[in-house]
Amino acid sequence: MDTFEDFVSRLREIKQLGHVETHRKGNTGIGKTLEDLLGIEENNIPGPDAVGAELKAMREGSGSLTTLFTKEPPRSERPFWGTKMVNELGYVDDKGRQALKVTIRPNTPNNKGFYLDYDDTSVSVVHEDVGVCATYPLDFLRERFEDKFPQLVMVFADTKRIDGVEHFWYKEAYHLDGFDSDAFLDLMRDGVITLDLRMHLKESGANRNRGTAWRIMDESRLDEAFEDRTPLLDDTELDDIPVTTKPHPVAPEQDTLDGY
DNA sequence: GGTACCTGGAA
DNA sequence: TTTCCAGGTAC
């Protein structure tokens, strides 16, 4: 898969597969399965996934936020962060763990007292009782955006369960190009892009942090941060694939996709 | 073994 | 809309 055209060709082949059994149970199966079908090795590289584009897979109709990337604040800018913050500002979750999993928006405190406070050069995570917990320089975030999102491909899948196992039909895809980091920062200030804390303490007392995540509430607003949006799978002939596909074997390996 | 990333959700 | 949450890996 050396070119973007190859990449789009693969997406079309994957669409023609119809519903594919998930390669991993749970929320993240949709992304893991798509990456497997595309032949992308799982990674935690903070950069574009394939042919210079960041790839996002989403379930159709999910009203949840879309994670753009995770990033901890600079170590030097964390007066009240990590284990201390979870212990003192968190709660006990249903599994009996001390946890702090919250979405934080500008100006208005959430039910745990957190809000974001922007100024000209930075954005701070503020708690109404303890004050500034951490600060991100805006240039620091801008660099993350620019590194990760030279281009973005969003893939939407229909999802259904067959005998209790989730299956995905990757049927829509859009290519966003021409990233504008200033527009991105405007989306942040407007509260369209928010920040999630996703921490809890393990039995050892260590902080299990899935990553402090910058997320967008309505991914269609991403158009404001990219010059161009192009549908990649708008071939209407493909829409004739019945939703109730006959069972097909476990998703083919990458190198067998060429035969489709 | 802990930290910081990746991949994504539901009620 | 807000509150709260998931399975993974590199180093």
Side-chain angles (χ1 to χ4, degrees), chain A residues 22-38 40-50 53-75 77-78 81-86 89-116 134 136 140-141 143-145 147-149 152-157 159 161 165-166 168 170 190-219 221:
Chain A
T22 187
H23 291 192
R24 172 185 292 164
K25 70 177 178 181
N27 295 340
T28 62
I30 189 170
K32 169 64 174 170
T33 305
L34 181 59
E35 287 187 337
D36 284 352
L37 294 172
L38 286 166
I40 298 169
E41 290 189 9
E42 188 166 28
N43 70 77
N44 58 4
I45 301 167
D49 296 303
E54 171 67 13
L55 186 62
K56 295 285 174 197
M58 288 162 278
R59 290 165 177 82
E60 285 182 335
S62 170
S64 292
L65 308 185
T66 298
T67 301
L68 298 171
F69 62 85
T70 57
K71 186 63 183 171
E72 297 307 296
R75 289 178 178 273
E77 306 275 357
R78 305 180 197 174
W81 198 251
T83 305
K84 179 168 59 175
M85 178 172 62
V86 177
L89 301 179
Y91 53 88
V92 178
D93 70 13
D94 288 343
K95 297 179 180 177
R97 308 174 300 195
Q98 186 68 17
L100 183 55
K101 299 181 181 178
V102 293
T103 298
I104 308 176
R105 291 167 297 279
N107 304 323
T108 304
N110 63 19
N111 70 327
K112 296 296 187 294
F114 290 95
Y115 60 98
L116 296 176
Y136 289 88
F140 178 80
L141 294 176
E143 288 177 11
R144 291 282 299 174
F145 293 147
D147 287 345
K148 184 157 183 172
F149 292 98
L152 172 62
V153 172
M154 294 188 295
V155 180
F156 294 89
T159 178
R161 288 188 177 274
V165 178
E166 192 169 21
F168 304 112
Y170 298 96
D190 289 346
V192 178
I193 293 174
T194 59
L195 187 67
D196 272 20
L197 305 183
R198 303 187 294 187
M199 306 175 184
H200 68 259
L201 301 186
K202 299 190 286 190
E203 287 191 6
S204 66
N207 184 14
R208 164 66 156 119
N209 182 6
R210 285 191 165 85
T212 303
W214 291 95
R215 310 184 78 193
I216 188 162
M217 308 191 75
D218 175 358
E219 79 280 344
R221 297 285 300 271

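Naming: A, B, ... by sequence-line order, numbering from 1 per chain.
Within 4.0 Å of S62(A), counting heavy atoms only, lie sugar-phosphate atoms of the nucleic acid but no base atom. Counting non-hydrogen atoms under 4.0 angstrom, R215(A) reaches a base of the nucleic acid. At a threshold of 4.0 angstrom between heavy atoms, the contacts of N207(A) are confined to the sugar-phosphate backbone, with no base atom among them.
Each of W81(A) and E60(A) was assigned the nucleotide of DNA chain B with the nearest heavy atom; the assignment lying further toward the 5' end belongs to W81(A). Both E72(A) and M58(A) lie close to DNA chain B; mapped to their nearest nucleotides by heavy-atom distance, the more 5′-ward contact belongs to E72(A). With DNA chain C read from its 5' end, the first of the two nearest nucleotides for G63(A) and D196(A) is the one closest to G63(A).
Residues R215(A) and T194(A) have side chains that never bring a donor and an acceptor to within less than 3.5 angstrom of each other.
Scanning residues 197-205 of chain A for heavy-atom distances under 4.0 Å to DNA chain B yields R198(A), K202(A), S204(A).
Nucleotides of DNA chain B lying under 4.0 Å from heavy atoms of chain A occupy a range whose first and last members, 5' to 3', are dG2(B) to dA10(B).
When the options I104(A), T212(A), T67(A), L65(A) are evaluated for a side-chain contact (heavy atoms from CB on, under 4.5 Å) with D196(A), the one that passes is L65(A). Checking V155(A), T159(A), T66(A) one by one against M58(A), the side-chain contact (heavy atoms from CB on, under 4.5 Å) holds for a single residue, T66(A).
We find that CZ of R105(A) is positioned 12 Å from C1' of dC4(C), with the value rounded to whole Å. In this structure, CG of L34(A) is placed 16 Å from C1' of dG8(C), rounded to the nearest angstrom. We find that CD of E41(A) is positioned 17 Å from P of dG8(C), with the value rounded to whole Å. If you take NZ of K95(A) and P of dC4(C), they are 15 Å apart, rounded to a whole angstrom. Rounded to whole angstrom, the span from the CD1 atom of I104(A) across to the C1' atom of dC4(C) amounts to 13 Å. Remark: P of dA6(C) and CD of E166(A) are 17 Å apart, rounded to the nearest angstrom. A straight line from NE2 of H23(A) to P of dT9(C) spans 16 Å, rounded to a whole angstrom. With rounding to whole Å, N209(A) atom CG is found 18 Å from dT9(C) atom P.
For the pair L34(A) and Y170(A), the tightest heavy-atom approach, listed with the atom from each and the gap, is N-OH, 3.3 Å. V153(A) and A53(A) make their closest contact through CG2-CB, 4.0 Å (heavy atoms, listed as atom of the first residue, atom of the second, distance). Looking at every heavy atom in both residues, N43(A) comes nearest to D49(A) through ND2-OD1, 4.1 Å.
Between K32(A) and dT9(C) there is no side-chain N or O to OP1 or OP2 distance below 4.0 Å.
Side-chain atoms of N111(A) lie closest to dT3(C) of the nucleotides dT2(C), dG7(C), dT3(C).
With hydrogens and angles ignored, the 3.5 Å screen pairs a side-chain donor or acceptor of R78(A) with a backbone N or O of P73(A).
For the atom pair NZ (K71(A)) and CG (L141(A)), the distance works out to 9.5 Å, reported to the nearest 0.5 Å.
Not a single ring-ring contact (aromatic ring centres under 6.0 Å, His included) links F156(A) to another residue, sequence neighbours left out.
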*Run the side chain to side chain donor-acceptor pair (under 3.5 Å) check on T22(A) and E166(A) step by step: do they pass?*
CA-CA 6 Å; T22(A) 187; E166(A) 192 169 21; 5.3 Å; no

